[in-house]
Asker: 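Below is one structure. I have some questions about it.
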Amino acid sequence: REARLARARDVLLARASRYVGRISGGRILAVTWSQGSAQLQGDAGPLTPLSEEDLAVGRMALRLAGASLVAGGGQVLASLVVEEPFDRLEPEARVRCLTLMRKLLREVARIVVVCRGEAVDATPELFDAVLAVRDDAGSGSAALRPALAGAGRILLKEPVRPAPSRAPR
């Protein structure tokens, strides 16, 4: 049992190491296991002290790696919900993370990103659909409404000529 757990941890950390490098832009090089916890590695060894940004990058990488491995193992993973660590990423790291999530859509059917509007405003083309949560003051409940962002559809049609007029001249 211990050998299987160690092997599963190694596979997860290897995948997360690839993702952490992509999300951080190469600033964080790997995720390793030491003294019973995961550690982020930079070019000079373990990153200490960790910033909120570094922790968010590590958490996102581990979450996405776990989802990828579950889906790759033949298990159905219908949706992955991403929330808190995503909002703590720097703007450039958010874009890299969204790009990585778009690639993961081959393995995971749906990724739901719950975030503030900055990520959507910066890169609306990376979202398939955007729902805005609005607080209806009158009812006291929140409502979901489609927002004006995300992938759009443009239909180009041949211009239609007006029918000849049959009115007397």
Side-chain angles (χ1 to χ4, degrees), residues 1-133 144 146-147 149-152:
R1 183 172 188 262
E2 289 297 320
R4 281 189 288 167
L5 285 174
R7 173 71 181 134
R9 182 175 52 238
D10 290 344
V11 171
L12 176 67
L13 292 175
R15 180 78 49 100
S17 292
R18 286 197 342 241
Y19 292 169
V20 80
R22 288 182 189 174
I23 295 170
S24 71
R27 188 173 46 81
I28 302 173
L29 302 177
V31 182
T32 59
W33 188 259
S34 178
Q35 300 173 353
S37 67
Q39 289 188 337
L40 300 176
Q41 301 289 326
D43 58 351
L47 297 177
T48 54
L50 288 172
S51 67
E52 287 292 322
E53 156 77 21
D54 293 340
L55 282 171
V57 169
R59 287 180 178 139
M60 284 301 304
L62 285 166
R63 213 177 262 187
L64 296 176
S68 173
L69 289 171
V70 167
Q75 298 295 317
V76 176
L77 187 61
S79 295
L80 171 66
V81 178
V82 175
E83 187 179 1
E84 185 269 331
F86 182 80
D87 273 341
R88 295 187 184 274
L89 296 174
E90 292 176 350
E92 298 83 19
R94 280 189 205 138
V95 172
R96 289 189 293 267
C97 190
L98 286 169
T99 303
L100 177 60
M101 284 191 266
R102 292 286 300 179
K103 292 178 182 175
L104 286 177
L105 286 174
R106 295 182 202 126
E107 302 170 26
V108 179
R110 181 181 308 113
I111 300 176
V112 178
V113 180
V114 180
C115 65
R116 289 174 267 145
E118 296 95 19
V120 178
D121 293 340
T123 55
E125 69 277 5
L126 293 177
F127 293 89
D128 290 333
V130 177
L131 296 174
V133 179
L144 290 175

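Computed from a predicted structure; not experimentally measured. The figures that follow rest on heavy atoms only: side chains count, while hydrogens, waters and symmetry mates do not.
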Asker: Spell out, as yes or no, whether a donor-acceptor pair under 3.5 Å connects the side chain of T123 to the backbone of L126.
Answerer: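 Such a contact is absent between T123 side chain and L126 backbone.
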Asker: Does the side chain of E90 reach to within under 4.5 Å of the side chain of E53, using non-hydrogen atoms?
Answerer: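 Of all side-chain heavy-atom pairs linking E53 with E90, at least one is under 4.5 Å.
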Asker: Can you tell if the side chain of V20 reaches within under 4.5 Å of the side chain of L62, non-hydrogen atoms only?
Answerer: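 A side-chain contact under 4.5 Å is absent here.
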Asker: Tell me whether D121 at atom CG has more than 12 heavy atoms from other residues, nucleotides or ligands lying less than 6.0 Å away.
Answerer: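 Result for CG/D121: enclosed.
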Asker: Go through the structure and list residues passing side chain to side chain donor-acceptor pair (under 3.5 Å) with R102, not counting sequence neighbours.
Answerer: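 If we apply the side chain to side chain donor-acceptor pair (under 3.5 Å) test to R102, skipping adjacent residues, the hits are D128.
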Asker: Testing the basics here: between R94 and D87, what is the closest heavy-atom pair and its distance to 0.1 Å?
Answerer: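 Scanning both residues, the minimum pair turns out to be NH2-O, 3.0 Å.
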Asker: Once you round to the nearest 0.5 Å, how far does CG of L89 lie from CD of E52?
Answerer: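 Reported to 0.5 Å precision, the distance equals 11.5 Å.
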Asker: Look at the side chain of Q41 and the backbone N and O of I28, then say whether any donor-acceptor pair between them is shorter than 3.5 Å.
Answerer: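 Not a single qualifying donor-acceptor pair exists.
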Asker: Test side chain to side chain contact (heavy atoms under 4.5 Å, CB included) on M101 and L98; report intermediate values, then the result.
Answerer: CA-CA 5 Å; M101 284 191 266; L98 286 169; 3.8 Å; yes
Asker: Does any non-hydrogen side-chain atom of L80 lie less than 4.5 Å from one of R110?
Answerer: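 No - every pair of side-chain heavy atoms lies 4.5 Å or more apart.
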Asker: How about P46 and L40: do any of their side-chain heavy atoms sit closer than 4.5 Å?
Answerer: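 No; the side chains remain at least 4.5 Å from each other.
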Asker: Could you measure the distance from the CG atom of L64 to the NZ atom of K103? Nearest 0.5 Å is fine.
Answerer: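 It is 12.5 Å, given to the nearest 0.5 Å.
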Asker: Would you find a donor on one side and an acceptor on the other, under 3.5 Å apart, between the side chain of R96 and the backbone of I23?
Answerer: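 Yes, R96 side chain to I23 backbone: donor-acceptor pair under 3.5 Å.
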Asker: After noting the C-alpha distance and the side-chain angles of L55 and R59, does the key distance pass the side chain to side chain contact (heavy atoms under 4.5 Å, CB included) rule?
Answerer: CA-CA 6 Å; L55 282 171; R59 287 180 178 139; 4.3 Å; yes
Asker: Evaluate the side-chain proximity of V11 to R15: yes if any heavy-atom separation is below 4.5 Å, no if none is.
Answerer: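 No. Closest side-chain heavy atoms not under 4.5 Å.
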Asker: What is the minimum heavy-atom distance between C115 and F86, and which atoms define it?
Answerer: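 Looking at all heavy atoms of both residues, the closest pair is CB-CD2, 3.8 Å.
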Asker: Hey, could you give me the CD/CZ distance between E2 and R7, rounded to the nearest 0.5 Å?
Answerer: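 These two atoms lie 16.0 Å from each other.
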Asker: Side chain to side chain contact (heavy atoms under 4.5 Å, CB included), that's the test. Do L13 and T32 meet it? Break it down for me.
Answerer: CA-CA 6 Å; L13 292 175; T32 59; 5.6 Å; no
Asker: Do the side chain of S17 and the main chain of V31 share a donor and acceptor less than 3.5 angstrom apart?
Answerer: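 Indeed, once roles are kept as given, a pair shorter than 3.5 Å links the two residues.
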Asker: Side chains of R27 and D54: does their closest heavy-atom pair fall under 4.5 Å?
Answerer: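 Yes, their side chains come closer than 4.5 Å.
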Asker: Quick one: do S68 and Y19 satisfy side chain to side chain contact (heavy atoms under 4.5 Å, CB included)? Show the steps, please.
Answerer: CA-CA 11 Å; S68 173; Y19 292 169; 3.4 Å; yes
Asker: Test your reading of the model: is there a side-chain donor-acceptor pair from S37 to the backbone of W33, 3.5 Å cut-off?
Answerer: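 It does not hold such a pair.
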Asker: Does the T99 side chain pair with the main chain of V95, one donor and one acceptor, at a distance under 3.5 Å?
Answerer: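 Present.
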Asker: State the CG-CD1 distance between L105 and I111, to the nearest 0.5 angstrom.
Answerer: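 Going from CG on L105 over to CD1 on I111, the span is 4.5 Å.
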